[in-house]
Amino acid sequence: MTALTVRFFASLREAVGVGDLDIEVDPPTLVGLRSALATRLTPEQFHAIDMAEVCIAVNQAIAQRDTPLRAGDEVAFLPRVTGG
Amino acid sequence: MTALTVRFFASLREAVGVGDLDIEVDPPTLVGLRSALATRLTPEQFHAIDMAEVCIAVNQAIAQRDTPLRAGDEVAFLPRVTGG
Amino acid sequence: MRADIRVQLEDFDIAAEWAACRQRCGGECGAIVAFGGLVRDRFGDSAVQGLHLEHYPGMTEDSIRRIVDQAAERWRLLDVVVVHRVGYLAPPEQIVLVLAASGHRPDAFAACEFIMDYLKTDAVFWKKELREDGDAWIESTAGDRTRRESWGQETPAEGAST
Amino acid sequence: MRADIRVQLEDFDIAAEWAACRQRCGGECGAIVAFGGLVRDRFGDSAVQGLHLEHYPGMTEDSIRRIVDQAAERWRLLDVVVVHRVGYLAPPEQIVLVLAASGHRPDAFAACEFIMDYLKTDAVFWKKELREDGDAWIESTAGDRTRRESWGQETPAEGAST
């Protein structure tokens with residue numbers, strides 16, 4: 001098992017109810033993380049973070065589908081951004 | 001004869017050597033003014049103000065070829081402008 | 001090109017930023033363009049009490065830096081300042097300042113507007129409008145995306161979903 | 001739309017102009033764009049000692065007002081300020097300030113840039129550059145005229161020659 005910190009921002013934090021979550025995943029991939037979150041969260045919470053427009057950053061860099069995960073990584077779920 | 005004040009700006013003032021000139025014209029038209037200036041100025045001075053790109057304003061409004069002139073009018077010779 | 005990028009709770013002082021920018025540029029600088037974004041008091045028919053702006057410390061600054069770097073590749077710039085506030089902001093407080101200084105005005109205008117357009121679509125911020133008719137997370141509009149795309153080139157990094 | 005147009009010998013204070021503009025606009029204002037033009041210290045390879053700016057009191061202000069009125073017809077503006085200095089200016093002094101405030105940033109950017117482009121070609125000023133290699137009256141460049149024409153519509157009033 002690989003221990004990660006997951007962060008939710010803005011509307012996703014509101015949907016999940018917390019900003020941070022420590023979670024263990026196996027295998028250490030985004031697919032493994034998805035499974036772990038599906039178990040850990042309620043269906044409504046999971047649905048909110050599992051939308052197509054949600055971006056995922058690993059250690060603050062936008063992740064690709066096959067970005068590997070290592071123990072201690074910070075995985076952030078980012079809803080659509082807008083600044084200015 | 002119609003008495004006018006003529007003003008020269010910027011490079012035209014430098015070419016003519018003065019900023020203002022009182023002059024009498026007959027007939028009271030831009031053509032009449034041109035004749036009067038041709039007599040009053042040296043050929044070099046006249047050449048400077050007689051260039052195609054020089055604009056003429058009568059009482060601060062850009063003049064047309066047939067703009068009538070009245071006693072006391074201010075006729076300004078304006079070289080190409082640039083602000084900013 | 002010097003770039004100064006700050007994300008902060010505190011208000012900013014346009015006069016101080018402008019003066020510092022002039023100071024850094026010296027006699028090379030012919031043009032400074034400043035953009036200030038303010039909190040409006042209405043959204044359509046609904047009164048706006050304020051905005052809540054959230055960011056991801058580190059990633060947000062990086063996202064702004066990437067935008068500024070792209071601007072610096074496209075135009076001749078001497079100095080760029082981006083100050084973006086976060087936290088709770090009430091109308092008519094200042095949200096964002098973008099300063100672009102160049103030898104020449106077309107570069108300063110283009111860079112400032114480019115940076116603002118990209119901030120709307122690519123900078124890592126989230127904005128909640130606190131309104132009479134209910135709070136709402138704001139997304140960049142179709143107009144914002146069209147404006148961003150009008151600059152051509154680069155598409156946003158493809159994100160992964162789980 | 002309010003418009004404040006001034007031609008003056010004195011320097012201007014961007015901070016005071018910006019604050020007054022915000023004050024006048026209140027909560028409707030979402031965007032302020034400011035352009036500052038400065039005296040550069042070089043022209044090509046030649047050092048510039050300064051500029052001498054000349055105007056035609058009355059006609060100059062009218063020419064600026066016409067430009068601002070055109071901008072107000074094209075975009076939704078809340079407030080416009082144009083302050084243009086005349087007299088002798090040394091590098092890196094400020095020459096001109098254009099402020100455009102609007103509910104929305106595209107309008108503020110477009111109006112500010114439009115006004116600057118037209119000031120270069122249509123405002124009644126003359127500018128002499130005092131240079132190492134000799135003084136020279138500056139004219140608007142082909143680039144300035146192209147930028148002006150890129151806004152479409154209106155052509156300059158046809159002048160008469162004697």
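Chain letters run A, B, ... following the sequence lines, proteins first and then strands; every chain starts at 1. Nothing here was measured: the structure is a model prediction, and the numbers come from that model.
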**Prompt:** What heavy-atom pair brings D:C21 and D:D79 nearest, and what distance separates the two atoms?
**Reply:** SG-OD1, 3.8 Å

**Note: D:D117-D:R148 ion pair, threshold 4.0 Å (strictly below)** = no

**Item:** Pair D:Q94, D:D11: side-chain N/O donor-acceptor within cut-off below 3.5 Å
**Value:** yes

**Prompt:** Do NZ/NE/NH1/NH2 and the carboxylate oxygens of D:E17 and D:R22 come within less than 4.0 Å?
**Reply:** no

**Asked** Is it true that D:Y56 and B:F9 have ring centroids separated by less than 6.0 Å?
**Response** yes

**Message:** At a 4.5 Å cut-off on heavy atoms, which part of D:E139 comes close to chain B: side chain, backbone, both, or neither?
**Reply:** both

**Message:** Taking side chain as everything from C-beta outward and backbone as N, CA, C, O, which of these in D:S140 sits under 4.5 Å from a heavy atom of chain B? Side chain, backbone, both or neither.
**Reply:** both

**Prompt:** Can you tell which of B:A57, B:A61, B:P79, B:S35 has the highest number of heavy-atom pairs within less than 4.5 Å of chain D?
**Reply:** B:P79

**Asked** Do you know which of D:I138, D:L119, D:V96 has the most heavy-atom pairs with chain B at a distance under 4.5 angstrom?
**Response** D:L119

**Fill in**
residues 13-29 of chain B vs chain D, non-hydrogen distance cutoff under 4.5 Å, contacting residues -> B:R13, B:E14

**Asked** Minimum heavy-atom separation for D:S102 to D:D107, with atom names?
**Response** OG-CB, 3.4 Å

**Part of D:K128 within contact of chain B (heavy atom distance under 4.5 Å)** = side chain

**Complete:** Heavy-atom closest pair (B:E74 atom, B:R7 atom, distance to 0.1 Å) is CD-CD, 3.3 Å

**Message:** Rounded at 0.5 Å granularity, tell me how far CD1 in D:I64 sits from CG in D:D69.
**Reply:** 12.0 Å

